[in-house]
Amino acid sequence: MPVEFLGIAATGDGSETTPRTTAAFDRDYTLRLARAHEDHGWDRVLFAYGSGSPEPAAAAAFLASRLDKLQILLAHRPNVSYPTFAAKTFATLDQVSEGRLTVHFITGGTDHEQQREGDFLTKDQRYERTREYIGIVKKAWTSREPFDHEGPHYRFHDFVSDVFPVQQPRPAVSFGGSSDAAYAAGGAEADIYCLWGEPLARTAEQIERVREAARAAGRSDLPRIQVAFRPIIAPTEELAWEKAHRTVAAIRARRESGEPVTRRRPVGGAPENTGSQRLIEIAEAGERYDRALWTPTAAATGGAGNSNALVGTPETVAQALLDYYDLGVDILSARGYDLLDDAIDFGRYVIPIVREEVAKRDAARAEAEAEAEAEAAARAERDRHQLIAVQA
């Protein structure tokens, strides 16, 4: 199966290790970073969402009007707009980008962050709302006739949009989470299900949970799986591990100074979302897993979002990513700590190795399937001749 790479469409140059030197929305930096991704083999970039961050749909439209190939993953929280309005926004952006949009729906992992924009629902209520919201958006994208809706969170009559996506029947829907409620909602609605990087065995368990939820929702198709990491690469293993330890030291120094390394949760606050709780649990159980997974980066941020690292040479990190591909992961999300330089290095040195190895795997699989089909056909032909001989 094809493999895709997702990077970050940051609008400023700050990260967990380095304070921002640009404005929150810097046109030049946004475009420069995106071009680095487009020029170095990445497939799409994520416009993330934060309560006080630049509005991602507007930033994505800016980028889409200036680049021709790079696809867009737009993060969106249902609490910030009505679903019919959101559907028109997304359809318009799909038109601007000429069919390069995927929408990532975020239910919200912390009460504090949600309440910053007036969302006081409980976690379970938020998941219920997200599932209803996605259903409305999908229908608004595809219905040419007016329709009504009455649900637990939304009610309207006689809505029909006058703008539709380029992609038919609609853009893909992306979703993530590690709780039972997340699996149920995403298993039912998502075309792409997103996970944070965990050890291989635990990732395999989550993939099966997603697939079980999809089957329970009556789906004949299954969501594609995306997994996210923070790669730390260098020409030798020794240099990579030195870089990794410098990275964690920088994260800890910023955190100890009282400066937030992420604005989505107060400094020192315990995580409420299951995904972050899992990352902390994994980090407490050990620092290194499998081929290259390293947890101190997640521990240093308190399990804040995509934070587990893959450490090593480009070859080591590429092989680690292929281990996840072999589990059924076909979208690999990666973001370094020096956003621009790391995107270039990863694109130059890691992506080509992974794509080459995936092509070999796909060719070997296709050859094996062809041999199996030929053997089955030969066996059927032998059986037919034996039957003719018996009847004669």
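For the numbers below, each heavy atom of this structure counts, side chains included, while hydrogens, waters and symmetry mates do not. Just so we're clear, the structure is a prediction, and the values are computed from it rather than from any experiment.
Hydrophobic clustering, with ILVMFWY side chains joined whenever heavy atoms are under 4.5 angstrom apart, keeps Leu74 apart from Phe164. Hydrophobic clustering (ILVMFWY, side-chain heavy atoms < 4.5 Å, transitive): Val173 and Tyr154 are in one cluster. Follow the hydrophobic side-chain contacts under 4.5 Å out from Leu321 and you reach Val227 in the same cluster. Hydrophobic clustering, with ILVMFWY side chains joined whenever heavy atoms are under 4.5 angstrom apart, keeps Phe105 apart from Leu121. When the side chains of ILVMFWY residues are joined at heavy-atom separations under 4.5 Å, either directly or via intervening members, Leu332 and Tyr193 end up in a single hydrophobic cluster.
With respect to the salt-bridge test (charged N to carboxylate O, under 4.0 angstrom), the residues Arg170 and Asp94 do not qualify. A salt bridge is absent between Arg215 and Glu212; no separation between the charged side-chain nitrogens and carboxylate oxygens falls under 4.0 Å. Using a cut-off of 4.0 Å between Lys/Arg side-chain N and Asp/Glu carboxylate O, Arg365 and Glu369 are scored as not salt-bridged. Using a cutoff of 4.0 Å between basic side-chain nitrogens and carboxylate oxygens, Lys360 and Glu356 are scored as salt-bridged. A salt bridge between Arg32 and Asp26 is absent, with no side-chain N of the basic residue lying under 4.0 Å from a carboxylate O of the acidic one. We find that Glu381 and Arg384 are joined by a salt bridge, their nearest charged nitrogen and carboxylate oxygen being less than 4.0 Å apart. Between Arg116 and Glu113 there is a salt bridge, since at least one side-chain N of the basic residue sits less than 4.0 Å from a carboxylate O of the acidic one.
Rounded to the nearest 0.5 Å, atoms CG (Leu293) and CG (Leu310) are 6.0 Å apart.
Nearest heavy-atom pair, Ala10 versus Leu339, reported as atom, atom and distance to 0.1 Å: CB-CD1, 3.5 Å.
Enclosure of atom CD in Glu237 by more than 12 non-hydrogen atoms of other residues, nucleotides or ligands within 6.0 angstrom is indicated. Summarising the local packing, CD of Glu375 is surrounded by more than 12 heavy atoms from other residues, nucleotides or ligands at distances under 6.0 Å. The local environment of CZ in Phe85 is sparse, with at most 12 non-hydrogen atoms from other residues, nucleotides or ligands closer than 6.0 Å.
You'll find the side chain of Thr142 stays beyond 4.5 Å of the side chain of Lys138, heavy atoms only. Taking the side chain as every heavy atom from C-beta outward, Ser51 and Arg77 approach each other to under 4.5 Å. You'll find the side chain of Leu322 reaches within 4.5 Å of the side chain of Arg361, heavy atoms only. Counting only heavy atoms from C-beta outward, the side chains of Arg129 and Asp119 approach each other to under 4.5 Å. Annotation: side chain of Gln167 is not in contact with side chain of Trp141 (no heavy-atom distance under 4.5 Å). By the 4.5 Å heavy-atom criterion applied to side chains, Pro271 and Ile280 are counted as neighbours. The side-chain heavy atoms of Lys243 and Val311, taken from C-beta on, include no pair separated by under 4.5 Å. Side-chain contact between Glu205 and Glu198 is absent, with no heavy atoms from C-beta onward closer than 4.5 Å.
Checked against side chain to side chain contact (heavy atoms under 4.5 Å, CB included), Ala213 has the following partners two or more places apart in sequence or in another chain: Tyr183. For Arg355, the side chain to side chain donor-acceptor pair (under 3.5 Å) test picks out Asp43, with sequence neighbours left out. Considering only residues two or more places apart in sequence or on other chains, Trp42 meets the ring-ring contact (aromatic ring centres under 6.0 Å, His included) condition with His37, Phe346. The ring-ring contact (aromatic ring centres under 6.0 Å, His included) search around Trp294 returns Trp241, His245, not counting sequence neighbours. Taking the salt bridge (Lys or Arg N to Asp or Glu O under 4.0 Å) definition, one finds that Glu117 meets it with nothing, sequence neighbours left out. For Ser220, the side chain to side chain contact (heavy atoms under 4.5 Å, CB included) criterion is met by no residue, not counting sequence neighbours. Residues passing the side chain to side chain donor-acceptor pair (under 3.5 Å) test with His149 are Glu132, sequence neighbours excluded. With sequence neighbours left out, the ring-ring contact (aromatic ring centres under 6.0 Å, His included) criterion links His76 to Phe90, Tyr133.
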Only distances under 3.5 Å count here; give the side-chain donor-acceptor pairs of residues 55-72 to other protein atoms, sequence neighbours excluded, each with its distance to 0.1 Å.
unit_1 : atom_1 : unit_2 : atom_2 : d
Glu55  : OE1    : Ala57  : N      : 3.1
Glu55  : OE1    : Ala58  : N      : 2.8
Glu55  : OE2    : Ala57  : N      : 3.2
Ser65  : OG     : Ala61  : O      : 3.4
Ser65  : OG     : Phe62  : O      : 2.8
Arg66  : NH1    : Phe62  : O      : 3.2
Gln71  : OE1    : Arg44  : NH2    : 2.9

Let me have the donor-acceptor pairs involving side chains of residues 282-291, under 3.5 Å, with sequence neighbours excluded, atom names and distances please.
unit_1 : atom_1 : unit_2 : atom_2 : d
Tyr289 : OH     : Ile282 : O      : 2.7
Tyr289 : OH     : Gly286 : N      : 3.3
Asp290 : OD2    : Leu200 : N      : 2.7
Arg291 : NE     : Asp323 : OD2    : 2.9
Arg291 : NH2    : Asp323 : OD1    : 3.1
Arg291 : NH2    : Asp323 : OD2    : 3.3

Side chains of residues 155-162: which donor-acceptor pairs under 3.5 Å do they make with residues two or more places apart or in other chains?
unit_1 : atom_1 : unit_2 : atom_2 : d
Ser161 : OG     : Val163 : N      : 3.1
Ser161 : OG     : Val163 : O      : 2.9

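Judged purely by atom type and a 3.5 angstrom limit, Thr130 uses its side chain to pair as donor or acceptor with the backbone of Arg126. Put simply, the side chain of Ser307 never gets that close to the backbone of Thr297: no donor and acceptor are under 3.5 Å apart. Remark: side-chain polar atoms of Gln168 are paired, donor with acceptor, to backbone N or O of Pro165 under 3.5 angstrom. No side-chain donor-acceptor contact under 3.5 Å links Thr18 to the backbone of Gly14. Although no hydrogens or angles enter the test, the distance criterion places a donor-acceptor pair under 3.5 Å between the side chain of Ser276 and the main chain of Gly303.
Partner of Phe229 under the ring pair (Phe, Tyr, Trp, His ring centres under 6.0 Å) criterion, out of Tyr324, Trp196, Phe5: Tyr324 alone.
No hydrogens or angles considered: nothing links the side chains of Thr102 and Ser174 as a donor-acceptor pair under 3.5 Å. No side-chain donor from either of Glu272 and Thr110 sits under 3.5 Å from a side-chain acceptor of the other.
Evaluation of the side chain to side chain donor-acceptor pair (under 3.5 Å) test over residues 84-93, restricted to residues two or more places apart or in two chains, returns none.
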Quick one: do Ser15 and Arg335 satisfy side chain to side chain contact (heavy atoms under 4.5 Å, CB included)? Show the steps, please. CA-CA 10 Å; Ser15 76; Arg335 171 165 54 101; over 6 Å; no
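Judged by a 6.0 Å distance limit and a 45° cone about the ring axis, Arg131 is not positioned over the six-membered ring of Phe175.
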